Participant: 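Okay, here's the structure, questions in a sec.
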Amino acid sequence: MSAALAIVMVFVGCCSNVVFLELLVKIDPGSGNLITFLQFLFIALEGFINTSKCGTVKPRIGLKDYLILVAMFFVTSVCNNYAFDFNIPMPLHMIFRAGSLIANMIMGIVILRKQYALSKYLSVGMISAGIVICTIISGKDVKSTQTVENAEQEDPVTVFFWWAVGISLLTLALFVSARMGIYQEVLYKRYGKHPKEALFYTHLLPLPFFLLLTTNIWDHIKIANASALYDVPILNIGIPIMWVYLLGNVLTQYICISSVYVLTTECTSLTVTLVVTLRKFVSLLFSIVYFSNPFTIHHWIGTLLVFTGTIIFTEVIDKVWNAVAPTKREAVDKKVN
């Protein structure tokens with residue numbers, strides 16, 4: 001897969017995945033663990049067949065190292081999923097997760113003793129301000145994600161308390177994800193980069209953890225089975241609409257994450273970061289427009305700060321200028337000669 005095709009598939013897969021995710025969350029806000037389990041199961045099965053060749057190919061990175069990586073990956077996924085159960089709207093969820101650079105910088109300073117340029121601190125400050133603005137504004141008009149009857153019985157203080165719990169889960173996921181990224185960086189330096197293998201084992205090894213969530217997953221399977229029927233034109237049968245959305249979510253998630261892994265081998269980390277950031281912005285805009293999610297001028301200011309800060313952090317402008325400058329100098333030299 002070429003870099004251009006990988007970039008296209010990142011946008012197609014990841015943006016489509018967000019659409020299916022929001023459709024699922026609107027029907028069942030607590031379905032996150034079921035969604036994640038099906039995603040992990042599908043990617044693990046695909047990797048077992050194509051990457052490990054049914055277990056005949058040994059991993060290049062030790063299983064003990066993968067287990068540590070997977071434990072952090074699992075905690076991050078579960079925390080992000082449970083946040084939907086605590087009155088966190090989709091736009092705020094996406095904006096908050098876009099602040100991963102902050103957590104990465106803090107972890108880099110604390111663990112790796114890194115020092116950063118002034119522009120890095122400026123960009124992190126902008127991203128932090130953007131997230132704080134969006135969080136505060138969303139918190140002022142937070143609503144319960146429970147049923148209408150239950151929502152009417154809950155007082156605003158209770159609703160706000162559970163919203164704060166959701167924000168805490170997102171914060172925990174943010175920092176655990178940052179720690180996972182640092183650990184992954186260490187593993188790649190030690191063993192080399194093996195993206196397909198990493199994709200397979202980071203989805204295979206967490207599967208036993210889902211046994212702890214069996215009751216929750218089963219409850220939401222029953223909710224999916226009880227959802228409205230979708231008439232399949234060719235087969236002339238009715239399928240619960242949630243299972244249609246789940247199938248779409250799993251397939252688009254596979255396209256999304258496998259394309260990102262391919263992109264890491266085809267392009268520089270700067271390009272990958274830029275593509276992922278732009279993808280998040282497109283997903284956010286689509287979520288607001290298509291699903292009519294509330295988005296005020298304050299949200300726009302916060303979003304602008306987050307994504308502008310991200311572009312500054314990744315030094316896109318400097319990199320583009322440095323790439324263009326030699327060409328300009330060559331053109332000037334030709335004119336002079």
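Quick caveat, the model's predicted, so the values are computed rather than measured. Numbering starts at 1 and runs along the sequence shown.
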Participant: In terms of hydrophobic clusters joined by side-chain contacts under 4.5 Å, are Leu247 and Leu23 together?
Facilitator: yes
Participant: Can you see which heavy atom on Cys79 is nearest to which on Ala173, and at what distance?
Facilitator: CB-CB, 3.8 Å
Participant: Treating Ile, Leu, Val, Met, Phe, Trp and Tyr as nodes and any side-chain heavy-atom pair under 4.5 angstrom as an edge, say whether Val12 and Val250 lie in one connected cluster.
Facilitator: no
Participant: Ignoring hydrogens, what is the shortest heavy-atom contact between Leu204 and Ala44? Give both atom names and the distance.
Facilitator: CA-CB, 3.8 Å
Participant: Would you say that Trp218 contacts Thr215 through its side chain, given a criterion of any heavy-atom pair below 4.5 Å between the two side chains?
Facilitator: no
Participant: Can Leu304 be reached from Leu122 by stepping across I, L, V, M, F, W or Y side chains whose heavy atoms are under 4.5 Å apart?
Facilitator: no
Participant: Measure the shortest side-chain to side-chain distance between Val78 and Leu169 over non-hydrogen atoms and say whether it is less than 4.5 angstrom.
Facilitator: no
Participant: Is any side-chain heavy atom of Ile7 closer than 4.5 Å to a side-chain heavy atom of Phe11?
Facilitator: yes
Participant: Linking I/L/V/M/F/W/Y whenever any side-chain heavy atoms sit under 4.5 Å apart, do Ile255 and Leu5 land together?
Facilitator: yes
Participant: Test side chain to side chain contact (heavy atoms under 4.5 Å, CB included) on Phe161 and Val165 and set out the steps.
Facilitator: CA-CA 6 Å; Phe161 169 78; Val165 172; 4.0 Å; yes
Participant: Is there a side-chain contact between Leu305 and Ile301, using heavy atoms and a 4.5 Å cut-off?
Facilitator: yes
Participant: CD of Gln39 to OH of Tyr254: how many Å apart, nearest 0.5 Å?
Facilitator: 13.5 Å
Participant: Which pairs of donor and acceptor atoms, one on a side chain in residues 58-72, lie under 3.5 Å apart (sequence neighbours left out)?
Facilitator:
residue, atom, partner, partner atom, Å
Asp65, OD1, Tyr183, OH, 3.1
Asp65, OD2, Tyr191, OH, 2.7
Tyr66, OH, Glu197, OE2, 2.8

Participant: Give a yes or no on whether the ring-centroid distance for His203 and Phe73 is below 6.0 angstrom.
Facilitator: yes
Participant: If a pair satisfies side chain to side chain donor-acceptor pair (under 3.5 Å) and one of its residues is in residues 5-20, list it, with sequence neighbours excluded.
Facilitator: Asn17-Thr252
Participant: Below 4.5 Å, heavy atoms only, C-beta onward: do Val10 and Cys256 meet side chain to side chain?
Facilitator: no
Participant: Keeping Ser177 on the side-chain end and Leu174 on the backbone end, is there a donor-acceptor pair under 3.5 Å?
Facilitator: no
Participant: Can you see which heavy atom on Ala224 is nearest to which on Ser227, and at what distance?
Facilitator: O-OG, 2.6 Å
Participant: Would you give the length of the straight line joining atom OG1 of Thr36 to atom CZ of Phe210, rounded to the nearest 0.5 angstrom?
Facilitator: 5.5 Å
Participant: For the pair Ile241 and Tyr245, evaluate side chain to side chain contact (heavy atoms under 4.5 Å, CB included) and give the outcome as yes or no after the intermediate values.
Facilitator: CA-CA 6 Å; Ile241 192 66; Tyr245 294 155; 3.5 Å; yes
Participant: Which is it for Asn80 and Leu170 under the side chain to side chain contact (heavy atoms under 4.5 Å, CB included) test, yes or no, and what are the steps along the way?
Facilitator: CA-CA 6 Å; Asn80 280 324; Leu170 288 177; 3.5 Å; yes
Participant: Does Val57 belong to the same Ile/Leu/Val/Met/Phe/Trp/Tyr cluster as Ile49, with side-chain heavy atoms less than 4.5 Å apart forming each link?
Facilitator: no
Participant: With Phe37 as reference, evaluate Leu41, Ile35, Asn33 under the side-chain contact (heavy atoms from CB on, under 4.5 Å) test and give the passing residue.
Facilitator: Leu41
Participant: Please report the closest heavy-atom contact between Ile312 and Met126, naming both atoms and the distance.
Facilitator: CD1-SD, 3.7 Å
Participant: Would you say that Leu246 contacts Leu24 through its side chain, given a criterion of any heavy-atom pair below 4.5 Å between the two side chains?
Facilitator: yes
Participant: So, Phe74 versus Phe40, ring centres under 6.0 angstrom or not?
Facilitator: no
Participant: Is it true that a side-chain atom of Thr56 and a backbone atom of Lys53 form a donor plus acceptor pair closer than 3.5 Å?
Facilitator: yes
Participant: Hey, are the side chains of Trp243 and Ile221 touching, using non-hydrogen atoms and a 4.5 Å cut-off?
Facilitator: yes
Participant: As an exercise, state the distance from OG1 of Thr76 to CZ of Phe175, rounded to the nearest 0.5 Å.
Facilitator: 12.0 Å
Participant: Measure across Asp28 and His220 and return the closest heavy-atom pair with its distance rounded to 0.1 Å.
Facilitator: OD2-ND1, 2.5 Å
Participant: Around Tyr230, counting heavy atoms of other residues, nucleotides and ligands shown, do more than 12 lie under 6.0 Å from its OH?
Facilitator: no
Participant: Do Ser258 and Leu199 come close enough that some side-chain heavy atom pair is under 4.5 Å?
Facilitator: yes
Participant: Rounded to the nearest 0.5 Å, what separates atom OG in Ser31 from atom CG in Asp219?
Facilitator: 12.5 Å
